[in-house]
Amino acid sequence: MTDVLLRGGLPWGLGAPADILVRAGRVARVSSDPIEAPGAQVIDVPGQLVLPGLVEAHCHLDKTLYGGPWVPHSADDTLAGRISNDLGRRAELGVPSVARIRALLRRMSAAGTTHVRTHTDIDPQVGLRGVEAVREAAAGCPVDVRQVAFPQHGVLTNPGTAELLEEALKSGVEAIGGLDPAGIDRDPVRHLDLVFGLAGRYGTHLDLHLHDGGSLGGWELELIIERTKALGLGGRVAVSHAYALGQLDGAHQDRLIDGLAEAGVAIVTAAVYDFPVPPVKKLRAAGVTVACGHDGIRDLWGPYGSGDMLERAMHVAYRSTFRRDDDIELALEAATVGGARALGLDDYGLAPGDRADLVVVPAGSPAEAVVVHPARTLVMKDGVVLHN
Ligand SMILES: [Zn+2]
């Protein structure tokens with residue numbers, strides 16, 4: 001493997017131009033003095049921002065129609081309408097499709113995404129076909145893909161699902177999911193006991209979709225905090241969406257944020273449509289890990305999504321009404337180090353010894369990279385230049 005020398009870029013967080021030497025898939029040296037590296041492939045990136053690989057922490061690859069002909073969106077604007085559109089048209093459109101998933105992963109990679117966590121539907125109708133399709137598509141792509149066994153249509157209310165979730169974990173799926181323990185499954189204690197039990201037994205991560213809002217959602221967050229602490233699963237539990245956090249009043253919100261920080265529960269936001277966005281700045285100030293992702297991309301749930309995590313970070317910043325550069329930078333953090341922490345990635349970053357998963361952007365600052373999200377100058381995965 002040839003050494004690569006990125007010359008004159010602006011490594012995020014360093015505050016000055018520096019050379020980065022990549023050797024054997026790792027960052028070998030970072031220096032503001034010129035690095036001499038005979039035999040290395042030299043790539044000049046003067047004044048351009050160098051970031052660690054972008055992390056897509058919440059999407060649904062198995063559902064995507066990306067890369068195929070445009071499919072007019074036919075769901076009405078209700079949850080029931082979206083569910084019946086999804087279930088009713090899957091077979092006609094060949095979902096899950098290895099070709100569509102692969103097309104999306106290639107697009108993500110070209111935009112600098114190096115790690116993806118995707119929620120894959122598991123239910124008695126689709127079985128583990130989605131898991132297998134995602135695995136097959138990911139095998140040929142330079143993206144680290146981790147799946148969440150996701151009960152999109154409930155666990156307790158959809159007999160046979162719990163057994164399939166366990167089968168998915170036995171087959172090596174990296175995380176167990178959950179979905180509105182009250183709103184969908186109508187029995188939060190049993191739902192949470194079941195998914196936390198599986199996470200504990202199989203040593204996996206846990207990432208729950210929580211759309212339940214207001215005090216109901218707040219109470220479910222308390223149950224999640226309690227279980228995470230009791231089972232010692234801090235650092236391995238995430239709550240996606242957590243709309244309630246964006247709706248509750250100050251004191252109640254503060255109490256929950258303290259609980260999430262203490263328990264080590266991450267929050268993953270997508271900032272889509274007009275759904276409430278968790279208070280990113282307050283969460284970060286309290287030390288809670290915040291990650292982000294697209295949620296659905298070009299699928300039967302909605303027609304939007306590009307696969308570009310800098311654009312997604314822009315949506316997070318915009319929906320959070322961030323204007324100051326240091327606030328906008330929090331959204332970039334969610335699309336990079338926050339995602340890496342939520343996924344439990346080792347050796348992530350720009351320091352010597354870290355895996356050389358890098359993206360170079362023609363921007364002079366993190367805020368500019370988010371607001372403009374220009375075409376990427378270079379993408380590197382495990383030390384290999386993929387796009388330059
Ligand atoms: Zn989702």
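First listed ligand is number 1; within each ligand, the first listed atom is number 1. Side chains included, hydrogens not; waters and symmetry mates left out as well; all remaining heavy atoms used.
Salt-bridge check for D254 with K282: passed, with a basic side-chain N closer than 4.0 Å to an acidic carboxylate O. Ion pairing between a basic and an acidic side chain is recognised when a charged N comes within 4.0 Å of a carboxylate O; D327 and K281 show such pairing.
The count of protein N, O or S atoms under 2.8 Å from the Zn ion (ligand 1) stands at 4, with waters excluded from the count.
Distance alone, capped at 3.5 Å, is enough to place a donor-acceptor pair between the D180 side chain and the H211 backbone. Checking side-chain atoms of E174 against main-chain N and O of Q147 turns up a donor-acceptor pair under 3.5 Å.
Counted by atom type alone, T78 and D76 present one or more donor-acceptor pairs between their side chains at under 3.5 Å.
Shown here is D77, whose CG atom has no more than 12 heavy atoms of other residues, nucleotides or ligands within 6.0 Å.
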